[in-house]
Amino acid sequence: MRLRSLWMESHLLPAMNVLSQCAGLAMSMREEREIKPALSAKPDTSALKDAEISSDQHALIVPPYMVHGNRVHPMPYSDPSIPLQPRPMVPKKDIAVYGYGSVAWKDRMEDWKKRQSEKLQVVKHEGGNGGGNFDGHELDDPDLPMMDEGRQPLSRKLPIPSSKISPYRLIIILRLVILGLFFHYRILHPVNDAYGLWLTSVICEIWFAVSWILDQFPKWYPIERETYLDRLSLRYEKEGKPSELASVDIFVSTVDPLKEPPLITANTVLSILAVDYPVDKVACYVSDDGAAMLTFEALSETSEFARKWVPFCKKFNIEPRAPEWYFSQKIDYLKNKVHPSFVRERRAMKREYEEFKVRINGLVATAQKVPEDGWTMQDGTPWPGNNVRDHPGMIQVFLGHSGVRDVEGNELPRLVYVSREKRPGFEHHKKAGAMNALVRVSAVLSNAPYLLNVDCDHYINNSKALREAMCFMMDPTSGKKVCYVQFPQRFDGIDRHDRYSNRNVVFFDINMKGLDGLQGPIYVGTGCVFRRQALYGYDAPVKKKPPGKTCNCWPKWCCLCCGSRKNKKSKPKKEKKKKSNREASKQIHALENIEEGIEDSTTEKSSETSQMKLEKKFGQSPVFVASTILENGGVPQDASPASLLREAIQVISCGYEDKTEWGKEVGWIYGSVTEDILTGFKMHCHGWRSVYCIPKRPAFKGSAPINLSDRLHQVLRWALGSVEIFLSRHCPIWYGYGGGLNWLERFSYINSVVYPWTSIPLLVYCTLPAICLLTGKFIVPEISNYASIVFMALFISIAATGILEMQWGGVGIDDWWRNEQFWVIGGVSSHLFALFQGLLKVLAGVNTNFTVTSKGADDGEFSELYLFKWTSMLIPPTTLLIMNIVGVVVGISDAINNGYDSWGPLFGRLFFALWVIIHLYPFLKGLLGKQDRMPTIILVWSILLASILTLMWVRINPFVSKDGPVLEVCGLNCD
């Protein structure tokens with residue numbers, strides 16, 4: 001045996017190298033380095049498949065560990081017709097000397113290669129065995145090719161190159177050091193003759209530094225991702241078999257059809273119905289929270305047009321599949337289209353769409369004048385939603401799997417209209433309540449394991465968006481812990497300059513990539529694919545850790561003793577944590593026992609208790625409660641559509657959520673107008689992770705408010721939600737410890753609720769330049785050489801951080817600068833008003849609304865950009881502009897009067913004031929509008945406020961002695 005072992009060690013590696021040459025394996029140097037350690041080990045002869053091999057025949061057995069390798073690459077084979085030159089290491093040695101073993105020779109090689117090729121063809125066509133669900137026999141099959149592409153990962157991380165990320169991290173550390181030196185100088189060198197200004201500026205600067213840390217460090221590990229849609233198809237779409245892709249329920253939410261045009265909603269629905277996904281796996285639910293008959297009738301027209309539009313999209317594979325944006329593309333639609341009937345059918349479809357638009361616009365015109373008695377249906381019965389605040393729940397299935405088919409006779413995805421019940425005296429929780437109603441309705445009717453929610457103005461721009469998300473959700477190695485896949489928001493109809501930073505490019509291309517390297521991006525309210533089980537408040541699955549010690553190197557008694565001591569100490573704590581975190585899974589197993597009909601009395605008692613707990617958590621619907629335990633979704637096969645519809649009506653009733661955990665631990669979380677941040681935060685606290693997916697073609701596109709007033713109003717709403725979360729029990733500063741939330745991820749959530757408070761120091765800091773110029777004082781003493789170096793280093797580090805972020809994030813300097821400008825504009829207007837509005841709402845219970853009213857507009861492209869709407873949020877930034885401009889004029893005039901020596905101290909004050917003016921320039925441009933004149937009301941209010949503040953400062957100037965100004969002898973003899 002010893003001689004046999006020595007022979008295998010000394011001759012196996014050379015023989016296998018010769019074999020690889022004979023087989024014509026073309027692999028890279030990197031692959032060789034990974035495979036050689038496996039080849040150099042002793043082969044496991046127990047894994048031999050052929051039990052009986054004669055002494056004159058030899059078999060090649062691929063060890064099982066080669067199949068289980070982490071890296072799996074295709075193995076190209078050489079043409080057998082090309083002769084290969086033999087290159088043995090010992091040419092004179094006789095073959096018979098080697099004896100019997102696992103090394104194959106020429107007579108066995110051809111048979112082995114033939115079996116490998118057959119296996120490869122089967123795997124490529126059938127995609128493995130259900131996407132990775134292999135039994136033990138197939139895993140141990142020695143002839144299973146390693147290049148099985150259907151079993152490779154569906155996605156991969158792409159770290160930022162070290163040449164970009166390493167300097168970025170170095171600059172961040174240097175900036176921290178420079179900040180320390182900066183504050184050391186500022187605190188130890190007060191300005192005695194302007195102590196109030198100095199102290200105020202230092203407090204503001206400390207707040208800005210803390211805010212920067214909260215924003216900066218979550219971007220420490222930025223990554224990008226890549227998906228493999230072909231592998232997804234190989235794994236889950238086998239040729240000749242039904243698709244095994246998971247079902248997806250898609251939610252579209254709308255409220256007021258007069259503010260959210262039905263044509264826009266119709267385009268969103270059409271893009272969903274035409275998505276590149278199996279039709280029996282897609283269901284679209286439209287939530288009409290305004291119970292408008294206009295939305296209902298528009299959706300009915302949309303379902304009719306979809307019968308023509310969907311087959312047209314799939315036949316010619318067009319993009320995008322929202323007709324309004326497809327037909328408005330300024331491209332040559334004949335390019336790359338070889339189908340002879342395409343031009344004819346496209347023209348016919350465009351005519352059909354124009355007629356569809358006429359019908360929708362006719363409905364909108366009719367809805368402008370509501371009859372006194374309200375609307376009626378075709379059969380004469382009143383429309384149930386005539387009273388928006390008091391109406392029953394309504395559900396209408398327009399399209400379904402067994403319903404209307406398209407013009408070519410194919411099935412269409414399910415399309416369902418939902419309007420939840422509303423009654424006076426009930427809290428309906430706005431959009432979050434509507435989304436939770438859709439979660440329950442969809443669970444009863446289709447119960448897909450995954451959900452996609454989009455706003456009514458966000459259409460699917462990439463028909464493969466669902467497949468992109470499934471590459472993460474259905475990945476058998478990493479998909480189980482993913483709670484949602486967030487896509488970036490992209491927008492149409494924004495002017496080239498994007499003066500109000502509507503695209504939010506810095507946030508979506510820099511901040512979100514940074515979060516993806518931690519625990520995942522935050523949920524932004526639309527364009528997000530959820531795992532239904534995560535929305536139900538369940539904890540993320542826990543990955544079992546491998547044992548710390550093995551019994552191969554330690555005696556059994558030692559392992560048992562050490563292990564028992566450790567287990568005795570840690571057992572109560574672990575059991576307590578497991579009990580609290582896994583209560584839901586115990587309840588699920590108990591319900592499964594009920595279904596299996598176990599008669600044991602103890603089990604029945606615990607099952608009843610678990611059923612009561614689930615009903616207390618999810619509500620009193622047995623159909624819905626039963627659906628929550630089905631991780632892979634699905635509805636009962638024997639249930640009739642009528643019974644499911646009755647159950648769906650029940651789950652959208654007003655009182656269904658009473659005394660349940662809906663909005664607290666289940667579904668979209670209540671308590672803030674920005675329910676998206678809160679919902680994602682709760683999931684991350686449960687240990688889930690999220691994924692950020694940026695396809696090459698944007699997955700979704702929407703519309704954004706492009707004029708100044710609408711943009712400020714949108715930012716106001718976001719900031720108000722952050723203030724509400726900050727003042728609630730779910731504030732990330734003190735909530736969620738002991739769960740699965742990453743500490744840098746917590747930094748990001750803290751920053752997302754703290755940023756409105758930055759408006760106060762920002763407003764004060766932007767006022768300081770005007771005060772300094774008007775009084776002749778400054779916030780820093782006379783600058784020394786050391787101070788000059790520190791200040792210059794700080795400015796350079798700020799600029800370097802921005803440049804490096806733009807480099808690895810792929811953001812242009814225009815987008816970055818617009819983001820910086822609007823940070824100041826929004827901070828001194830929307831964020832400030834949201835802060836006071838939130839404090840009044842939470843602490844005093846007073847609801848305050850800052851209304852936006854239209855004043856006028858121009859015609860032409862981007863005419864809405866110049867539309868002016870009066871709002872009180874415009875007053876603070878306008879006042880700041882006027883004060884700083886007046887301060888610059890006064891400062892320059894004073895320097896001219898006082899001579900050359902006064903220009904040096906003036907430079908710092910002027911730089912400070914110009915910094916504020918430049919940041920507020922887009923705001924000034926928005927006020928002036930296209931007519932180059934400012935609205936009178938804004939001008940009057942701002943001048944009045946600036947004058948009052950200036951006069952008050954002159955009157956109570958703390959830097960002038962109470963006995964009056966100090967008069968000194970000038971030294972000139974006037975006589």
### Message
Keeping Q519 on the side-chain end and E745 on the backbone end, is there a donor-acceptor pair under 3.5 Å?
### Response
no

### Query
Can you check whether L712 reaches I825 side chain to side chain, under 4.5 Å on heavy atoms?
yes

### Query
Hey, are R532 and S627 close enough side-chain-wise for a donor-acceptor pair under 3.5 Å?
no

### Query
Quick one: does E661's side chain have a donor or acceptor within less than 3.5 Å of a partner on K616's backbone?
no

### Message
Set out, in order, the CA-CA distance, both residues' side-chain angles and the distance that settles side chain to side chain contact (heavy atoms under 4.5 Å, CB included) for D455 and K431, then state yes or no.
### Response
CA-CA 10 Å; D455 289 341; K431 181 183 176 181; 3.0 Å; yes

### Query
Any side-chain heavy-atom pair from V715 and F833 closer than 4.5 angstrom?
no

### Query
What are the two closest heavy atoms between C685 and L741, and how far apart are they?
SG-CD2, 4.2 Å

### Donor-acceptor under 3.5 Å (S690 side chain, P521 main chain)
yes

### Query
Is a side-chain donor or acceptor of R420 paired with a backbone partner of L438 at a separation under 3.5 angstrom?
no

### Query
Would you say Y765 and L768 make side-chain contact, with heavy atoms under 4.5 Å?
yes

### Task
Start with the C-alpha distance between F491 and D498, add both sets of side-chain angles, then the distance that settles side chain to side chain contact (heavy atoms under 4.5 Å, CB included), and finish with yes or no.
CA-CA 11 Å; F491 301 99; D498 190 20; over 6 Å; no

### Message
Go through it in stages, so that I can follow the logic: the residues are F747 and W743, the test is ring-ring contact (aromatic ring centres under 6.0 Å, His included), and I'd like the CA-CA distance, side-chain angles, deciding distance and then a yes or no.
### Response
CA-CA 6 Å; F747 270 28; W743 67 278; 5.5 Å; yes

### Task
Verify the distance criterion only: is there a donor paired with an acceptor across the side chains of Q821 and R818 at less than 3.5 Å?
yes

### Query
Does some side-chain heavy atom of Q620 sit less than 4.5 Å from a side-chain heavy atom of T660?
no

### Message
Contact between R389 and H428 at the side-chain level, heavy atoms closer than 4.5 Å - yes or no?
### Response
no

### Query
Under a 4.0 Å N-O cut-off, is there an ion pair linking E665 with K617?
no

### Task
Would you check if V529 and F472 make a side-chain contact, meaning some heavy-atom pair closer than 4.5 Å?
no

### Query
Which heavy atom of Y670 sits nearest a heavy atom of W662, and at what distance?
CE1-O, 3.7 Å

#### Entry: Trace of the side chain to side chain contact (heavy atoms under 4.5 Å, CB included) decision for W207 with I760
CA-CA 10 Å; W207 180 271; I760 295 177; over 6 Å; no

### Message
Ignoring hydrogens, what is the shortest heavy-atom contact between M473 and V485? Give both atom names and the distance.
### Response
CE-N, 3.9 Å

### Query
Quick one: do the E805 and Y168 side chains pair a donor with an acceptor below 3.5 Å?
yes

### Task
Kindly compute the distance separating CG (D815) from CG (N504), expressed to the nearest 0.5 Å.
10.0 Å

### Query
So, the side chain of Q837 versus the backbone of L720: is there a donor-acceptor pair under 3.5 Å, distance only?
no

### Parallel, tilted or perpendicular: ring planes of F251 versus Y285, cut at 30 and 60 degrees
perpendicular

### Summary
Rounded to the nearest 0.5 angstrom, the CD-CG distance for Q216 and N511 is 9.0 Å

### Summary
Result for ring-ring contact (aromatic ring centres under 6.0 Å, His included) between H684 and one of Y749, Y523, Y735 points to Y749

### Message
What's the separation between atom CD1 in I171 and atom CZ in R175, rounded to the nearest 0.5 Å?
### Response
10.0 Å

#### Entry: Nearest non-hydrogen partners of P756 and S722, listed with the distance
CG-CB, 3.8 Å

### Query
Short question: side chain of R689, backbone of L518 - any donor-acceptor pair under 3.5 Å?
yes

### Message
Check whether T200 reaches the backbone of G196 with its side chain - one donor and one acceptor, N or O, closer than 3.5 Å.
### Response
yes

#### Entry: Minimum heavy-atom distance W808-D509, with the two atoms named
CZ3-O, 4.4 Å

### Message
Whether E657 and R440 form a salt bridge (side-chain N of Lys/Arg under 4.0 Å from carboxylate O of Asp/Glu) is what I want to check.
### Response
yes

#### Entry: Inter-residue atom distance Q486.CD - L515.CG, 0.5 Å rounding
11.0 Å

#### Entry: Any donor-acceptor N/O pair, K422 side chain to D289 backbone, under 3.5 Å
yes

### Query
Once you round to the nearest 0.5 Å, how far does OG of S442 lie from CD1 of I250?
11.5 Å

### Message
Tell me whether the count of non-hydrogen atoms from other residues, nucleotides or ligands lying under 6.0 Å of OH in Y221 goes above 12.
### Response
no

### Close side-chain approach of C528 and N453, heavy atoms under 4.5 Å
yes

### Query
Run the side chain to side chain contact (heavy atoms under 4.5 Å, CB included) check on C766 and W915 step by step: do they pass?
CA-CA 9 Å; C766 290; W915 178 88; 4.2 Å; yes

### Query
Would you find a donor on one side and an acceptor on the other, under 3.5 Å apart, between the side chain of R531 and the backbone of V482?
yes

### Query
Does some side-chain heavy atom of T758 sit less than 4.5 Å from a side-chain heavy atom of H831?
no

### Query
Looking only at atom types and distance, does a side-chain atom of S201 sit under 3.5 Å from a main-chain N or O of L197, one as donor and one as acceptor?
yes

### Message
Which heavy atom of I725 sits nearest to which heavy atom of L678, and what is that distance?
### Response
CG2-CD1, 4.0 Å

### Task
Could you check W817 against H919 for ring-ring contact (aromatic ring centres under 6.0 Å, His included), going step by step and ending with a plain yes or no?
CA-CA 9 Å; W817 176 238; H919 277 78; 5.0 Å; yes

### Interatomic distance, S728 atom OG to W734 atom CH2 [nearest 0.5 angstrom]
7.5 Å

### Message
Assess the residue pair W668 and F530 against the criterion (ring-ring contact (aromatic ring centres under 6.0 Å, His included)); give the C-alpha distance rounded to whole Å, side-chain angles, the decisive distance to 0.1 Å, and a yes or no.
### Response
CA-CA 11 Å; W668 270 257; F530 286 96; 5.3 Å; yes

